[in-house]
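Remarks on the structure that follows.
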Amino acid sequence: MFQLESLKGLSCASLSFYQEKKLVSSWYNDKSLPQDCIFPPDKRSGKDHAAAPCNSIPVIDLGKADYDDWNHIIQQILDASQEFGFFQVINHGVSERLMDDTMNLFLEFFDMPNEDKAEFFPEDSCRKSTLFTSNNYYNEGFHLWRNNFVHSCNPVEEWPTKPARYGLTLGLPKHCDPNLITAVQQGDIPGLQVFKDAKWIGVEPLPNAFVVDIGYQLQIITNGKLKSSEHRAVISSTHARTTIVTFLVPDSRSIIEPAKALTDNKPPLYRAFKNGEFLSFYTQKVGDPETVLEPFKLKN
Ligand SMILES: O=C(O)CCC(=O)C(=O)O
Ligand SMILES: [Fe+2]
């Protein structure tokens with residue numbers, strides 16, 4: 001696990017403390033929480049913070065595809081994507097060793113001294129790999145309890161252990177992903193929760209599984225047939241959590257619209273737009289699921 005030393009000054013707002021004020025705050029030692037990391041009461045995780053990881057999110061065994069009917073696997077994926085917007089895959093062909101090596105590499109990265117990590121702060125360079133707390137740091141009002149290292153195509157997220165003021169902050173608030181599909185290697189610390197039937201469901205960490213979720217763009221392309229589900233990341237007060245999250249994102253000039261072949265002659269629910277337009281609106285709205293699709297919906 002992470003040493004406290006490596007977390008000092010680099011969690012949540014402290015990334016900007018570190019950049020702007022060049023100080024390592026003592027808040028971590030005090031077990032207190034910086035004021036700007038405290039979520040407004042209606043955005044906190046509330047009583048469901050510790051929603052027990054459960055097995056209701058479908059687990060699809062891709063290894064069975066060798067001898068089973070592919071159509072059956074495809075149907076399982078479609079059913080899960082329609083009902084939950086989420087599923088886990090096991091026996092997917094990525095070796096356990098590669099998954100472990102990748103996770104260990106990123107654990108080592110987060111464990112490096114702050115001075116070494118500082119070269120990845122976005123303002124300092126035009127590197128492809130950057131380390132930050134959130135995309136919209138200066139407009140979001142309250143900050144996330146996480147560090148996010150985006151490495152060309154693979155972001156890695158670190159959710160440091162939380163100070164004693166339990167329940168006042170989150171790693172990531174309720175959102176849907178602004179891309180096609182996301183694959184998460186969640187490690188063994190629970191924290192990912194999906195909102196279904198007005199309840200939070202914890203996604204059980206399974207060894208060597210990928211959690212897959214449907215992003216807004218696939219929801220739009222399938223004209224709402226597949227569902228992008230709201231989810232969030234809660235933090236443990238005892239364990240740091242590191243996840244490897246791979247987003248499949250079209251180029252910002254790509255046109256996103258309901259595919260005619262998939263609309264079943266129903267009127268399209270969304271207009272055509274450039275992906276870049278959507279991504280900037282998403283960032284401006286800090287991913288707020290209540291409003292982020294509004295300008296892209298067609299009023300039929
Ligand atoms: O790390 C996780 O468990 C989920 C992260 C997530 O939802 C995201 O980065 O969009
Ligand atoms: Fe997400």
Side-chain angles (χ1 to χ4, degrees), residues 2 11-12 39 43 45 48-54 57 59 81 84-89 99 102-103 106-107 109-110 130-137 140 143-162 169-196 200-219 226-236 239-249 278-279 282-283 285-290 292-293:
F2 301 103
S11 294
C12 200
F39 279 44
K43 300 254 180 337
S45 48
D48 289 331
H49 184 96
C54 71
I57 301 289
V59 178
S81 304
F84 293 91
F86 265 84
F87 54 93
Q88 303 213 49
V89 287
M99 290 181 81
T102 314
M103 183 59 90
F106 289 124
L107 287 170
F109 173 84
F110 282 122
T130 48
L131 178 62
F132 54 91
T133 298
S134 56
N135 292 329
N136 207 7
Y137 190 84
E140 66 195 0
H143 303 305
L144 310 180
W145 194 260
R146 71 147 184 198
N147 299 315
N148 188 11
F149 178 56
V150 177
H151 175 60
S152 32
C153 64
N154 285 49
V156 187
E157 299 179 307
E158 181 200 31
W159 324 87
T161 46
K162 206 171 37 169
T169 192
L170 272 169
L172 260 185
K174 187 158 92 168
H175 70 285
C176 294
D177 292 347
N179 50 291
L180 281 169
I181 301 182
T182 307
V184 183
Q185 184 179 334
Q186 57 147 5
D188 48 10
I189 310 291
L192 178 57
Q193 298 180 345
V194 180
F195 198 57
K196 171 137 174 37
W200 286 103
I201 309 176
V203 182
E204 188 180 18
L206 294 179
N208 307 310
F210 286 110
V211 182
V212 180
D213 76 80
I214 305 298
Y216 278 132
Q217 291 168 354
L218 204 52
Q219 173 175 316
L226 304 191
K227 176 170 114 173
S228 184
S229 284
E230 292 166 353
H231 56 283
R232 67 182 182 184
V234 300
I235 299 151
S236 153
H239 293 89
R241 177 169 178 264
T242 299
T243 58
I244 304 177
V245 187
T246 305
F247 298 104
L248 197 63
V249 191
F278 176 69
L279 292 180
Y282 183 94
T283 309
K285 291 285 169 194
V286 201
D288 173 21
E290 309 303 326
V292 81
L293 282 185

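None of the values given here were measured: they were computed from a predicted structure. Whatever order the structure lists ligands and atoms in, that order sets their numbers, starting from 1.
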Next item on the list: May I ask you to check if ligand 1 and Gln186 share an N or O to N or O distance below 3.5 Å?
Entry: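 No, there is no polar N/O contact under 3.5 Å.
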Where [X] and [Y] come nearest, the two heavy atoms and their spacing:
{"X": "Pro289", "Y": "Glu230", "answer": "CB-OE2, 3.3 Å"}
{"X": "Phe106", "Y": "Ile244", "answer": "CD1-CD1, 3.8 Å"}
{"X": "Thr182", "Y": "Phe247", "answer": "OG1-CD2, 3.4 Å"}
{"X": "Met103", "Y": "Thr242", "answer": "CE-O, 3.3 Å"}
{"X": "Ile214", "Y": "Ser228", "answer": "O-OG, 3.0 Å"}

Sub-4.0 Å atoms of ligand 1 with respect to non-hydrogen atoms of [X]:
{"X": "Phe247", "answer": "8 (C), 9 (O), 10 (O)"}
{"X": "His231", "answer": "7 (O)"}
{"X": "Thr243", "answer": "1 (O), 2 (C), 3 (O)"}
{"X": "Arg241", "answer": "1 (O), 2 (C), 3 (O)"}

Notebook entry, point to check: Does Asp177 approach ligand 1 within less than 4.0 angstrom via side chain, backbone, both or neither, non-hydrogen atoms only?
Noted result: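 Near ligand 1, Asp177 shows its side chain, while the N, CA, C and O stay back.
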Next item on the list: Check whether the ring centres of Phe86 and His231 lie less than 6.0 Å apart, and answer yes or no.
Entry: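 Yes, close enough.
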Checklist line | Under-2.8 Å protein N/O/S neighbours of the Fe ion (ligand 2), ordered by chain then residue number | finding: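 You should have found His175 NE2, Asp177 OD1, His231 NE2.
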Item checked: Sub-4.0 Å heavy-atom contact, Arg232 with ligand 1 ->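 No.
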Notebook entry, point to check: Backbone N or O of Ile189 within a donor-acceptor pair of the Arg241 side chain at under 3.5 Å?
Noted result: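 Yes, because the side chain of Arg241 sits within donor-acceptor range (under 3.5 Å) of the backbone of Ile189.
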Next item on the list: Could you check if a side-chain atom of Tyr216 sits within less than 4.5 angstrom of a side-chain atom of Leu293, using non-hydrogen atoms only?
Entry: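 SC-SC contact between Tyr216 and Leu293 confirmed.
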Margin query: For the residue pair Lys174 and Phe195, would you count it as a cation-pi contact if the rule is NZ or CZ under 6.0 angstrom from the ring centre and within 45 degrees of the ring axis?
Written below: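 Yes.
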